[in-house]
Amino acid sequence: MRELLGKVGRFFENHVEKLVLVVVGLVCAWIFFTRVIFSPNVVEYDGKNFSPGQIDKYIQSQAEGLISPVTAGSPSGGQSYVSKLHGPIDANDPVVAKFLGRPKPQSFKELLQAPLAFMGTSVFVVEGRAAQKKDVPRYRLPRIGAVTDVAVNHIRAAAYFPLTEVTPKNTYDKVDVEPNDLDLVTVEAKFDTAELYRQFRAHFNGTEVEREAWRDPCLAEPTFAAVQLQRQRLLDDGGWGQWVEVPRMEIEANKELFTVVEKTQDLPPGGLGIRMMNFDNQFTTMALLQPEAYQIASSEVDWFPPSYYGKYVSLQRKIEMEEKRKEREEKQRERGDTSGRRRDAGGAGGQATGPGGRRRGTMGGAQGGGNAMYGGAQGGGRNTRSRGRGRGRQGMDPTMPGQGGTRGRTGRRGGAAQGGYDMMGGAYPGAYGPDGAMGRVGPNIDEVYFEFAQEMINFGTELSKLKEPLLFWCHDDSAEPGGTYRYRIRLGVFNPVAGTEQFAERDIEHKDRVILWSDFSGVTDPIEIPKRLYFFAKDVQEKTNTAVVEVARYALGYWRTEDFRVEPGEAIGLEKEPEPEEERRSSSRGGRPGSGRITGAPGRDMMMPGGYGMGRGMYGAGNPEDETLPDIIDYRTNAVLVDLVPVNDWGADLRPRMYHDMLYTSDGVTIEHMPVSSRNWPKNLLAAYQSIGAEKRKEPQPFRQFKKGGMRGRGGMGGGMDGGDPYGGGMMYDGMGGGGPYGPTRR
């Protein structure tokens with residue numbers, strides 16, 4: 001017995017885990033059958049109690065009972081009902097088509113193109129099973145006013161060009177730039193924006209709406225859509241070519257957005273609503289109507305629209321003439337004072353020392369009666385002649401009023417040379433003159449900056465309340481040198497009901513027009529873009545049968561010339577590095593590094609560390625170490641000398657003359673000719689040569705620095721060292737005026 005119990009114990013000991021699993025399985029099976037299959041929990045439905053397993057069978061039987069009467073009366077006699085939701089919806093099914101009313105697609109491509117385009121957006125009022133369409137509003141389109149006072153101007157200068165593409169995220173003032181030559185044409189016009197707002201409000205939310213219920217204030221605010229500039233080119237036969245649209249400038253961040261879209265079917269994704277939202281902000285309106293120009297690197301030129309550029313140039317000339325007059329008077333006065341003081345000093349010295357008086361008198365005259373730092377330079381000697389030549393007067397604080405007069409470009413563009421200067425040396429309107437009276441002291445270039453600042457749109461400008469027509473403009477930076485062009489311009493606003501049926505009968509033909517245009521302005525006067533490359537046959541060496549040809553190239557804001565000796569069969573002009581003598585000559589004139597001159601931008605002298613004065617014109621002063629001379633000057637003309645032919649003919653005065661004619665070709669087919677020597681040149685060629693010679697005599701000036709912040713953000717006061725407060729704290733154009741886009745305005 002004991003052994004049997006031992007065997008049983010060992011059996012359980014060896015198989016205890018299996019026995020536990022068997023017991024657990026039996027318990028789970030019991031729970032499953034008693035609590036799940038034969039659950040005591042019941043659900044009451046339709047007045048009866050059902051277990052979870054029975055309720056589904058009951059509902060199914062009820063459904064079959066409802067279907068049987070339907071199938072019994074069907075033509076197929078007892079065919080079971082098949083739900084439309086058990087498979088894909090067939091667009092051509094008569095039952096589905098009855099509800100959707102969708103036209104049958106003619107191809108697979110039509111299934112992918114706007115599958116819900118057939119559904120209208122009109123409001124329906126459901127009355128029982130019928131739907132009645134509500135009356136569609138009908139609007140008469142407003143009249144877009146006329147574009148008036150069109151004008152055009154052209155400037156040529158060195159400007160900063162972007163090295164990478166300008167985009168909305170990578171704007172012009174953020175990209176890397178380099179100076180290059182620019183021919184920029186600007187066309188301006190005026191437009192009555194207040195009248196445009198009145199027209200829109202009357203035609204969409206006012207008396208011009210047929211029914212009061214149709215008035216919609218959301219449609220009554222116009223959104224400017226485009227400024228379109230077109231040009232014609234003068235042809236060789238004297239006629240004008242076709243009108244072509246001028247592309248937007250490369251420096252514009254929104255040039256793709258400003259691409260004109262005329263038809264609703266050509267709109268980008270999002271349609272008219274999204275496009276109007278992209279244009280409906282003040283910054284976009286400012287960039288569209290008053291786009292920024294290139295930043296000019298040349299310190300002698302600034303950009304203005306035509307109505308202000310003429311005054312700017314006129315004031316420049318007056319300031320130059322005034323400076324020259326004062327320089328002449330000062331030199332005459334200095335010569336008279338110096339000779340008189342030398343005679344007096346020599347005589348006094350002779351009386352004091354006898355034979356040695358002349359030496360002592362000369363020393364006294366040279367010393368000027370004391371320390372030059374405290375005014376001794378006024379007595380005589382070389383220091384007297386240095387006044388006004390690029391630095392403040394000897395012995396005086398150059399930062400004090402009335403003592404910052406300079407000579408050269410800075411002084412001429414800085415205003416009067418005495419009195420009427422602010423503490424930074426720049427003249428300002430309403431300054432105190434030498435006699436203490438309030439008034440202007442001579443011509444002042446800052447007047448142009450101040451007046452132009454009032455024309456600028458900023459963030460606070462309300463176009464609907466402008467008392468005067470708005471000045472707007474557009475640029476053309478693609479005009480080719482040597483061409484003659486004329487322009488016309490127009491302005492467009494969005495058609496807010498384009499693509500709908502909400503048009504009166506008279507305007508139904510405009511339903512697909514995205515933009516409502518004004519009429520084109522009048523045609524501008526022709527404007528000629530000068531060439532950037534000329535060559536002049538100056539002389540002939542008969543023994544060697546060679547021609548001396550002077551080639552003139554406009555490069556980095558200045559004309560550069562070089563003489564070449566050319567034989568028949570040789571190309572005229574080569575690439576050359578500037579000669580060291582030319583660099584030293586430029587440096588000695590004060591325009592090259594090492595001259596000690598800091599040239600201010602128009603309107604101000606630069607006397608603050610880092611070149612941040614109280615008013616620096618549009619862009620600020622240049623760094624005197626900036627290079628204004630190109631590394632390589634391309635004098636290549638793409639012309640080849642063919643021959644030098646002696647000519648005997650009669651001149652305009654009916655006198656016989658003998659000269660050589662230079663024959664050359666630019667394309668290898670057409671032979672052209674040029675008389676040798678300036679006395680034989682035609683008038684237009686001689687005028688070009690004389691004009692280039694006059695330009696060459698100008699002193700080269702360092703470039704302005706490239707300034708951040710754009711045309712409206714470059715402020716001189718309150719803007720910090722980065723060039724202005726974009727929220728209106730700075731002064732417009734670093735001088736006086738409207739400041740940034742949030743700045744004040746006269747309007």
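Because the structure is a prediction, the values reported are computed rather than measured. In this chain, numbering begins with 1 at the start of the sequence shown.
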*Val150 vs Arg488, side chain to side chain contact (heavy atoms under 4.5 Å, CB included): CA-CA, chis, key distance, verdict*: CA-CA 8 Å; Val150 64; Arg488 64 182 185 181; over 6 Å; no

_Working note: Val260 + Glu245, criterion side chain to side chain contact (heavy atoms under 4.5 Å, CB included); need CA distance, chi angles, decisive distance, verdict._
CA-CA 10 Å; Val260 175; Glu245 184 176 354; 3.8 Å; yes

*Begin with the C-alpha distance, continue with both residues' side-chain angles, and end with the deciding distance and a verdict on side chain to side chain contact (heavy atoms under 4.5 Å, CB included) for Leu184 and Ile296.*
CA-CA 11 Å; Leu184 184 65; Ile296 305 300; 5.7 Å; no

*Would you please test Tyr485 and Asp476 for side-chain hydrogen bond (donor to acceptor under 3.5 Å, both in side chains) and show each step?*
CA-CA 11 Å; Tyr485 302 90; Asp476 180 12; over 6 Å; no

*Run the numbers on Asn170 and Thr167 for side-chain hydrogen bond (donor to acceptor under 3.5 Å, both in side chains), then give the verdict.*
CA-CA 5 Å; Asn170 197 31; Thr167 64; 5.1 Å; no

*Let me see the working for Asn278 and Ile274 under side chain to side chain contact (heavy atoms under 4.5 Å, CB included), right down to the final yes or no.*
CA-CA 6 Å; Asn278 291 334; Ile274 297 299; 4.1 Å; yes

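Taking the six-membered ring for Trp, Tyr449 and Phe304 have ring centres closer than 6.0 Å. A centroid separation of 6.0 Å or more is found between the aromatic rings of Trp473 and Tyr309. Less than 6.0 angstrom separates the ring centroid of Tyr294 from the ring centroid of Phe161.
Within a 6.0 Å sphere centred on CD of Glu262, heavy atoms belonging to other residues, nucleotides or ligands number more than 12. A 6.0 Å sphere centred on CD of Glu178 holds more than 12 heavy atoms belonging to other residues, nucleotides or ligands. At most 12 non-hydrogen atoms from other residues, nucleotides or ligands lie less than 6.0 angstrom from NZ of Lys190. Heavy atoms from other residues, nucleotides or ligands lying under 6.0 Å from CG of Asp512 number more than 12. The number of heavy-atom neighbours closer than 6.0 Å to CD of Glu509, taken from other residues, nucleotides and ligands shown, is above 12.
Of the possible donor and acceptor atoms, none in the side chain of Glu250 sits under 3.5 Å from a partner among the backbone N and O of Glu165. A distance-only check finds no donor-acceptor pair linking the side chain of Thr264 to the backbone of Ala498 [under 3.5 Å]. Remark: side-chain polar atoms of Arg156 are not paired, donor with acceptor, to backbone N or O of Leu182 under 3.5 angstrom. For the pair Ser518 (side chain) and Leu491 (backbone), a donor-acceptor distance under 3.5 Å is present. A donor-acceptor pair under 3.5 Å links the side-chain atoms of Lys255 to the main chain of Val166, judged by distance alone. Judged purely by atom type and a 3.5 angstrom limit, Arg138 uses its side chain to pair as donor or acceptor with the backbone of Glu501. Looking at Tyr312, its side chain does come within 3.5 Å of a backbone N or O of Asp302 through a donor-acceptor pair. Without hydrogens or angle criteria, Asn444 side chain to Glu447 main chain gives no donor-acceptor distance under 3.5 Å.
Taking 4.5 Å as the limit, every side-chain heavy atom of Phe472 sits out of range of all side-chain heavy atoms of Leu288.
The heavy-atom pair separating Asp507 from Leu141 by the smallest distance is OD2-N, 2.8 Å. Pairing each heavy atom of Ala504 with each of Arg140, the nearest pair is CB-CG, 3.5 Å. Residues Leu471 and Gln290 share a closest heavy-atom pair of O-NE2, 2.9 Å. Contact between Ala226 and Ile515 at its shortest, heavy atoms only, is CB-CD1, 4.2 Å. Closest approach of Pro305 to Glu188, counting heavy atoms only: CB-OE1, 3.3 Å. Residues Arg486 and Pro526 approach most closely at CB-CA, 4.3 Å, considering heavy atoms.
Of the options Ile489, Val227, Asp192, a side chain to side chain contact (heavy atoms under 4.5 Å, CB included) to Val147 is made by Ile489 and by none of the others.
Expressed to the nearest 0.5 Å, how far CG of Asn495 lies from CG of Leu516 amounts to 4.5 Å. With rounding to the nearest 0.5 angstrom, the CZ atom of Phe279 is 8.0 Å from the CG atom of Asn254. Here Leu196 contributes atom CG and Glu221 contributes atom CD; the two are 10.0 Å apart, rounded to the nearest 0.5 Å. In this structure, CD in Gln502 is found 11.0 Å from NZ in Lys511, a value given to the nearest 0.5 Å. Rounding to the nearest 0.5 Å gives a distance of 15.5 Å between CZ of Phe450 and CD1 of Ile445. Here the OG1 atom belonging to Thr484 is positioned 4.5 Å from the CD atom belonging to Glu528, to the nearest 0.5 angstrom.
Listed by first then second residue, pairs satisfying ring pair (Phe, Tyr, Trp, His ring centres under 6.0 Å) with a partner in residues 180-205 read Tyr139-Phe204, Phe200-Phe204, not counting sequence neighbours.
Between Trp303 and His475, the ring-plane angle classifies as perpendicular under the 30° and 60° cut-offs. Classification of the Tyr160-Phe706 ring pair by plane angle, with boundaries at 30° and 60°, yields perpendicular.
Listed by chain and residue number, nothing satisfies the ring pair (Phe, Tyr, Trp, His ring centres under 6.0 Å) test with Phe503 (two or more places apart in sequence, or in another chain).
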